[in-house]
Asks: 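Shown below is the structure under consideration.
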Protein chains: 2
Amino acid sequence: MRRRAGRPSQALLGQGQITRAALKLVARDGYKALTMSGLAKSLNVAPSALYNHVASKQDVLLLVEDALMGRVDVSAFARMPWAEAVRLWAHSYRDVFSAHLPLIPVIALLPVTNAPQTIKMYEAVTDGFLRAGWPQERIVDAIVALESFIFGSAYDANAPADIFATGELAEEAPHFSAAVSLRRNPAGHNDADAAFALGLDALVAGLAATLAG
Amino acid sequence: MRRRAGRPSQALLGQGQITRAALKLVARDGYKALTMSGLAKSLNVAPSALYNHVASKQDVLLLVEDALMGRVDVSAFARMPWAEAVRLWAHSYRDVFSAHLPLIPVIALLPVTNAPQTIKMYEAVTDGFLRAGWPQERIVDAIVALESFIFGSAYDANAPADIFATGELAEEAPHFSAAVSLRRNPAGHNDADAAFALGLDALVAGLAATLAG
DNA sequence: ACCTGAACACCGTTCAAGT
DNA sequence: ACCTGAACACCGTTCAAGT
């Protein structure tokens with residue numbers, strides 16, 4: 001799908017330009033700024049012009065999601081033991097989408113068809129599972145389980161520090177309130193990172209035990 | 001905060017009425033129908049009238065979320081071993097919010113202050129962890145890890161059956177495509193339920209091992 | 001083939017005016 | 001104290017008209 005020669009290529013709109021403009025817009029001003037008219041303005045074009053290249057805003061989000069999936073680091077699967085590779089991949093995956101929460105419903109609910117980077121990511125992960133001896137028919141369920149934990153953890157990474165502050169209702173939940181106030185974690189780690197590490201270690205260990213058993 | 005006597009109580013607006021109307025609206029027509037004007041219409045009132053009782057639409061969502069949290073079954077923590085209780089609670093939690101995906105960012109990102117049912121749920125879960133011998137300072141992280149998995153799984157429960165269909169790009173991801181086509185699970189269980197059970201068992205087993213070790 | 005400009009059918013929220 | 005009605009500043013999307 002190359003541009004025809006003999007035409008000035010700089011000002012022509014295309015899915016690539018739209019994706020790059022959307023990423024830049026989100027990086028600078030966040031998802032509240034990613035509107036069809038805001039996107040059009042950043043491309044010096046009328047909003048309706050976008051609809052010659054995408055069918056809907058959902059389409060734009062899918063393009064952005066697929067571009068970001070290319071930033072998820074799957075390289076550990078080619079050079080490390082399964083458990084360690086899963087941990088590194090999961091951390092990278094969470095870190096990428098913690099900054100892009102509105103895309104999580106897009107990843108979780110939209111078919112991967114026509115999302116080449118996303119498919120490429122899944123292929124690398126599947127390869128790692130196969131090399132570790134996982135039976136083909138269990139691999140997708142295991143990946144989905146890990147992804148579910150990663151998506152939920154991406155939300156949690158954006159939770160405010162006082163999310164569990166019970167306020168005036170503290171006396172009705174004494175044990176919970178006490179547990180919350182004792183939550184303090186080792187220096188250098190915030191609460192979300194500690195919960196993520198705890199859950200990820202448990203999940204990886206539990207899945208490894210399932211495979212062995 | 002009772003109504004003053006001597007006035008007709010039937011037509012007066014309040015947070016309770018708003019919550020019930022919102023729940024009914026969502027149950028009948030889904031979250032796309034939960035707009036401030038739609039909600040007002042269902043209460044035979046002008047949209048602006050709602051702002052005498054809630055500060056924003058986010059406020060309405062928080063009210064709905066807290067009401068639904070009362071439907072999450074925590075009773076198993078009072079009568080069953082920890083691992084089994086966690087499994088039953090997690091299933092109930094996922095099932096309640098699988099039908100209310102737009103509330104997941106609300107639960108994950110908004111403080112629990114002034115959400116009494118939510119706090120009550122956390123108290124019951126914390127009690128169960130304490131009785132099982134969990135140290136206070138690890139309980140909140142463990143609950144957060146389980147919740148992250150539950151939220152992600154609630155999304156996955158709404159994924160279309162063909163979410164992993166690679167389409168024209170199948171030949172570029174042969175191992176993944178093969179794993180997807182072999183995913184078929186035992187009769188009576190769909191894919192989401194199988195992935196949820198696999199991950200939940202692994203997480204519970206891994207957490208139990210953490211506690212023991 | 002791809003753009004503009006106007007229009008449509010919505011959103012959430014505010015606020016003066018009433019009772 | 002709590003409601004109405006009008007208004008505001010947006011949304012995503014469509015479509016006739018141009019080139």
Side-chain angles (χ1 to χ4, degrees), chain A residues 1-23 25-26 28-65 101-103 105-106 109-110, chain B residues 1-23 25-26 28-65 101-103 105-106 109-110:
Chain A
M1 273 251 261
R2 309 202 47 155
R3 296 269 160 217
R4 203 152 70 262
R7 276 219 261 161
S9 67
Q10 63 181 43
L12 294 178
L13 218 50
Q15 293 198 336
Q17 337 251 342
I18 290 174
T19 306
R20 278 188 291 274
L23 281 165
L25 199 58
V26 166
R28 193 189 315 121
D29 302 320
Y31 277 88
K32 75 181 188 331
L34 182 56
T35 64
M36 293 303 271
S37 69
L39 183 56
K41 176 169 287 183
S42 81
L43 287 159
N44 294 312
V45 109
S48 52
L50 298 172
Y51 290 88
N52 288 303
H53 304 94
V54 295
S56 63
K57 187 180 177 179
Q58 277 274 337
D59 243 41
V60 174
L61 293 177
L62 190 60
L63 288 170
V64 172
E65 179 256 296
L101 292 192
L103 296 182
V106 174
L109 300 175
L110 259 54
Chain B
M1 272 251 260
R2 308 203 47 148
R3 295 269 162 218
R4 203 152 70 260
R7 276 220 261 160
S9 68
Q10 61 181 42
L12 293 177
L13 218 50
Q15 292 198 338
Q17 336 252 342
I18 290 174
T19 306
R20 279 187 290 277
L23 280 165
L25 199 57
V26 166
R28 194 189 315 119
D29 302 320
Y31 276 88
K32 73 182 190 332
L34 182 54
T35 65
M36 294 303 270
S37 69
L39 182 56
K41 177 169 287 183
S42 81
L43 287 159
N44 292 313
V45 108
S48 53
L50 297 172
Y51 290 88
N52 287 303
H53 303 94
V54 295
S56 63
K57 185 179 177 180
Q58 278 275 337
D59 243 40
V60 175
L61 293 178
L62 190 59
L63 288 170
V64 172
E65 180 257 295
L101 293 192
L103 296 182
V106 174
L109 300 176
L110 258 54

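Computed from a prediction, not measured in an experiment: that's the story for all the values here. Just so we're on the same page: letters track the sequence lines, and every chain starts at 1. Values below: every heavy atom of this structure, side chains too, minus hydrogens, waters and symmetry copies.
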Asks: On a heavy-atom basis, which atom in A/A33 and which in A/L25 lie closest, and how many Å separate them?
Replies: O-CD2, 3.5 Å
Asks: Take atom CG of A/L50 and atom P of D/dT14, then tell me their distance rounded to the nearest Å.
Replies: 13 Å
Asks: Could you tell me whether the side chain of A/H53 and the main chain of A/L13 form a donor-acceptor pair under 3.5 Å?
Replies: yes
Asks: Distance-only check: which donor-acceptor pairs under 3.5 Å involve side-chain atoms of residues 34-49 of chain B, not counting sequence neighbours?
Replies:
{"residue": "B/T35", "atom": "OG1", "partner": "B/G38", "partner atom": "N", "Å": "2.9"}
{"residue": "B/S42", "atom": "OG", "partner": "B/L39", "partner atom": "O", "Å": "2.8"}

Asks: Find out whether B/L63 and B/V54 are in side-chain contact, i.e. whether some heavy atom of one side chain is under 4.5 Å from a heavy atom of the other.
Replies: yes
Asks: Counting only side-chain nitrogens and oxygens, does B/H53 get under 4.0 Å of the OP1 or OP2 atom of D/dA1?
Replies: no
Asks: Look for any protein N or O under 3.5 Å of an N or O in nucleotides 15-17 of chain C and output each such pair with its distance, or none.
Replies:
none

Asks: Let me check I have this right: for DNA chain C, each base becomes ., (, ), [, ] or |, based on Watson-Crick or G-U pairs with both distances under 3.5 Å. What is the full string?
Replies: ||.|||||...|||||.||
Asks: Would you mind reading off the distance between A/L13 atom CG and D/dT19 atom C1', rounded to a whole angstrom?
Replies: 17 Å
Asks: Any side-chain heavy atom of A/V26 within less than 4.5 Å of one from A/V64?
Replies: no
Asks: All N/O contacts under 3.5 Å from nucleotides 8-12 of chain D to the protein, with atom names and distances to one decimal?
Replies:
{"residue": "D/dG12", "atom": "OP1", "partner": "A/K57", "partner atom": "NZ", "Å": "3.1"}
{"residue": "D/dG12", "atom": "OP2", "partner": "A/M36", "partner atom": "N", "Å": "3.0"}

Asks: When rounded to the nearest 0.5 angstrom, what distance separates CG in A/L101 from CG in B/L109?
Replies: 6.5 Å
Asks: Per the side-chain hydrogen bond (donor to acceptor under 3.5 Å, both in side chains) rule, what does the pair list look like for residues 55-65 of chain B, sequence neighbours excluded?
Replies: B/E65-B/T118
Asks: From A/L62 CG over to A/L103 CG, what is the distance, rounded to the nearest 0.5 angstrom?
Replies: 9.5 Å
Asks: Residues two or more places apart in sequence or in another chain: which of them pass side chain to side chain donor-acceptor pair (under 3.5 Å) with B/Y31?
Replies: B/H100
Asks: Over how many whole Å does the gap from A/N52 atom CG to C/dT4 atom P extend?
Replies: 9 Å
